[in-house]
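Since this is a predicted model, take the numbers as computed values, not measurements.
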Amino acid sequence: MYSVYAACRDLADAPSDQAVRDALHAMLPEMDELQKRINSALTTGLPRRVYRYARVIAIDVTLIPYYGQPQTDPSELVRSKQKKGTTKFHGDATACILHHGMRYTVALTRITAGEKSPEITRRLVRQVRAAGLKIKVLLLDRGFFTVQTIRYLKRAHVPFLMPVAIRAPAAKDPERHAASLRGFLKKSSGWYDYTFQGKQRERIRICVCAKYYTERKTGKRKLKRMLFAAWGYKAAPDTTREQYRKRFGIKTSYRQGHQARIRTSERCPALRLLYFGIALILRNVWVWLHFTLIADSRGEDPELHLERLRFRRMLEWIEEVVKQNMHDGTLPTTQ
């Protein structure tokens, strides 16, 4: 996707890039109101079938690299591990339906510095429920594996499934080691009870998924154990592993969203959120087109034909329409 400057430069009948920026800044609402409007746009026009059943929903965080200074408040930027030459990011979290043919993004929230995973989870769950959607099971990544997040999800009666994050070092005492999370790495496939100890005690279920795989370099077969924490959800270990694999569909939505995101060096966090929100709305339109117009069926498992309209091709069509309405046919400006 182009920047505002590049688009205005190459369109003969478009206003100047500065005029567009001034208009956007003048019309931008407050951050809370902007998030409310974006979330309303994300869920407006969804097919009725989406609301008929409880859905598997994934939430995740995306960090967009930033190389400048905050506009007004240092909390606008999130610090994380170095990526693309910076440790400063504008952070956003989304919730996405993970059902074949209905992978809509249904909630978006901005992340500020110092926010913990329970706060992010609470906002997204409330936004999903406010949209009228029912959560069958919530899939989260290991960054959300905290006692506080688990406690909130249990109190909110939200079934969840997430990988176990083992942060404590191995205990020297064999009994303490066997009772710790690391002790599950020696157990066979199955479900086990576990209670967090300390100031906050919380009971959950741990699923151990043992699977053999062949190492590419050596060709040797090795055993790998994956640990999942769950509440309100239970299935066979193999089914649990395959269920969690669906979560990577939200990564696809991020990748496509970045294809449509307007490139910018703006310092304004509200404008950056608007650009990312527009990209996710465009992706929802693409999902809607496939489900309602291009698919061969409209059931719970529609027969999709993504090759008939790729997301990038839809963006190119939008670009062609803009050129027809705002360009005089001359060659774009060249340097």
Practice task
Test Leu140 against every option in Asp60, Leu153, Ile57 by the side chain to side chain contact (heavy atoms under 4.5 Å, CB included) rule and name the one that passes.
Solution key: Leu153
State whether [X] and [Y] are salt-bridged, where the test is any N-O pair (Lys NZ or Arg NE/NH1/NH2 against Asp/Glu carboxylate O) under 4.0 Å.
X	Y	answer
Glu119	Lys116	no
Asp32	Lys36	no
Lys323	Glu319	yes

Handout entry: Modelled atom types, side-chain donor and acceptor of Gln18 and Asp22, under 3.5 Å
Key = yes
Problem - Ser117 and Thr149: side chain donor to acceptor below 3.5 Å - result: yes
Check [X] against [Y] and note the closest heavy-atom contact, atom names and distance.
X	Y	answer
Ala210	Leu223	CB-CD1, 3.9 Å
Tyr51	Gly132	CD2-O, 3.5 Å
Leu309	His290	O-NE2, 2.7 Å

Fill in the blank from the handout: Quick note, ring-ring contact (aromatic ring centres under 6.0 Å, His included) partners involving residues 131-162, not counting sequence neighbours, are Phe145-Phe196
Exercise for the section: Can you tell me which residue pairs pass the ring-ring contact (aromatic ring centres under 6.0 Å, His included) test with a partner in residues 231-253, sequence neighbours excluded? Expected result: Phe228-Tyr244
Backbone N or O of [Y] within a donor-acceptor pair of the [X] side chain at under 3.5 Å?
X	Y	answer
Glu76	Gln71	yes
Arg123	Arg110	yes
Ser40	Arg37	no
Arg55	Val50	yes
Arg272	Glu266	yes
Arg310	Arg308	no

Partner set under side-chain contact (heavy atoms from CB on, under 4.5 Å) for [X], not counting sequence neighbours:
X	answer
Leu185	Ile166, Leu227
Ala23	Met27
Ala130	none
Lys222	Tyr213, Glu215

Would you kindly confirm whether [X] and [Y] end up in one hydrophobic cluster when ILVMFWY residues are joined by side chain heavy atoms under 4.5 Å apart?
X	Y	answer
Ile278	Ile38	yes
Met162	Leu98	no
Leu282	Leu108	yes
Ile135	Tyr53	no
Ile250	Ile59	yes

Test of understanding: with ring pair (Phe, Tyr, Trp, His ring centres under 6.0 Å), list the residues that count as partners of [X], not counting sequence neighbours.
X	result
Phe89	none
Tyr254	none
Phe311	Trp286
Phe276	His258

Handout entry: pair Arg49-Glu300: side-chain heavy atoms closer than 4.5 Å
Key = yes
If you look only at distance, which donor and acceptor atoms sit under 3.5 Å apart when one is on a side chain in residues 100-107 and the other is two or more places apart or in another chain?
{"residue": "His100", "atom": "NE2", "partner": "Pro302", "partner atom": "O", "Å": "2.9"}

Handout entry: Arg313, CZ atom: more than 12 neighbouring heavy atoms under 6.0 Å
Key = yes
Practice task
Keeping to residues at least two apart or across chains, list the side chain to side chain donor-acceptor pair (under 3.5 Å) pairs with something in residues 83-93.
Solution key: Arg79-Thr87
Fill in the blank from the handout: One should read off an interatomic distance between Gln35 CD and Glu30 CD, to the nearest 0.5 angstrom, of 11.5 Å
